[in-house]
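Lettering follows sequence order; numbering is per chain, from 1.
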Amino acid sequence: MSDLVLPGLLDDLAVIRQDFPILERMLAGGQPLVYLDSANTSQKPQVVIDAMVDHLERHNANIARAMHQLGAEATEAFEAGRDKVAAFLGAPSRDEVIFTKNASEALNLVANVLAWPNASGGAPFQVGEGDDVVITEMEHHSNIVPWQLLTQRTGANLKWFGLTDGGELDLSNIDSLITETTKVVAFTWVSNMLGTINPVAELTRRAHAVGALVVVDASQAAPQLAIDLAAMAPEERPDFVVFTGHKVVGPTGIGVLWGRGDLLEQLPPFLGGGEMIATVTMEKSTYAGIPHRFEAGTPPIVEAVGLGAAVDYLGHVGLDRIHAHEQAITAYALEGLQTIKGLKVMGPLDAAKRGGAISFELEGVHPHDIAQVLDSRGIAVRAGHHCAKPAHARFGVQASTRMSSYLYTTPAEIDALIEGLEYTRSYFKLG
Amino acid sequence: MDLDALYQDIILDHYKNPHGKGLREEFEAEVHHVNPTCGDEITLRVHVEDGRVADVSYDSQGCSISQASASVLYDLVHGKTVDEAMEIHAKFQELMQGKGQVEPDEDVLEDGIAFAGVAKFPARVKCALLSWMAWKDATVQSIGQAAAGGQTEEKA
């Protein structure tokens, strides 16, 4: 395998790889790990692991309620995580960053609070009978099911954008989909299956023109695209952006909801419990200000410390450099994959229009069998519906194989994948 | 990892030329089972006549293991009495859930012994069991229909 140098590739790739101890892992049969499943979860750099271990070894306490030194240190570390995430997103205010369990919980939080009037009885954003919620056919299940639940419970209508054959959003009927009755438009920034990068600014502008709220799932975007919310024109800035910690080289167990501050302040609480209150009597409660109003109970403390270290790390490498690297690897992979007989890539074929996840079909071999053969060679990919069954159904397939790269992926690993796929074809005796 | 232990020739043969595949009209119960984590699906019908599994017909989508397993299921249970077939089911399930420690009985499981290797791959066990669980479900329903009476007439 050659150590090819591609334009856009991180010039310090070898150094970066040394930051990720797991990349040294040897697998069964003495095979080195070729990790091409980063859209599923990313690997963790030593600095994230160390930050979490150090916190647990030296600073562990509950936050915002412990009247002792460790409590103060833990609170400071947790809130520093919030500051780092706010900087990572370019959030206009740190108080707009809410920690959740994951991106799914962040989306469910938004879908839930839109079902109810707020604490003072007003309901400026409440979704009700006859209102429309608009999503797309390329969403992860986590950006479909919460909206199904919301519309089913409130009598609202669920509508969606279809997809073109090329795997992009079909915007031809945007005028009939986004109308005066539209209350919410929710869509993914980057598709986890097709890789497609969606026109966030354009869709947001159209939704805002009719007074709808915009919810963007940035789970696949945050790892690889620079996000600067404050720099966006207000009419093009989404009202909510969610992502998950574990895909941005951070830990599992923590996700992020960023929401427009004035909006969050008007929405009713989600989960009730400790930390989200101002005062409680047996009859009723009043609630804390944002962000704490939406963080009931002991939050993921060490996870926030780890996530802070993770986004610091990405910022240190540089999101623009990471994006260029992903594009270089993606272009190289698209080129290689298309040399394989019977292989069909799903989604855009132009690397500039997509993120670093590439799903494909290989005629004559089921994705599980492909993944199994690749695994025997140390190559980790994902096989199945990738929690995007409707998007698979749109293209008439039940399952696909997905390779996904990240800042530590090398061209040599793509070569290993291509060789592994050729081997898979020969193993299953395809001509 | 020993790939050949998983993909025995018997399995690949059944995958390429599945036995008994296709949905047929005589049946008392039809079930649809899915593997929610990977999306494999099977629609399976069972026809029970005079205490025997007269037919098992199915339409399925999925990996080589799940497809071959349905084919082997068909071979092993059709024509057997329901009791015999349930015993074979129990033996197959025991083999699949035995983490590779169960020695299969070729007299009972025939081509099914090829799945002994699958039991060593935890992620694939549910692929192998998909059609078998569907068959058990449908067979129990078929017997229930028969007990309720009048199952043969309504199939005309």
What part of [X] gets within 4.5 angstrom of chain A, counting heavy atoms only: side chain, backbone, both, or neither?
X	value
D40(B)	both
Y15(B)	side chain
Q67(B)	neither

Flag yes if more than 12 heavy atoms outside [X] fall under 6.0 Å of its [atom1] atom; otherwise flag no.
X	atom1	result
K91(B)	NZ	no
K341(A)	NZ	no
Q152(A)	CD	yes

Go through the structure and list residues passing ring-ring contact (aromatic ring centres under 6.0 Å, His included) with F92(B), not counting sequence neighbours.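 Scan of F92(B) (ring-ring contact (aromatic ring centres under 6.0 Å, His included), adjacent residues dropped) gives F115(B), W132(B).
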
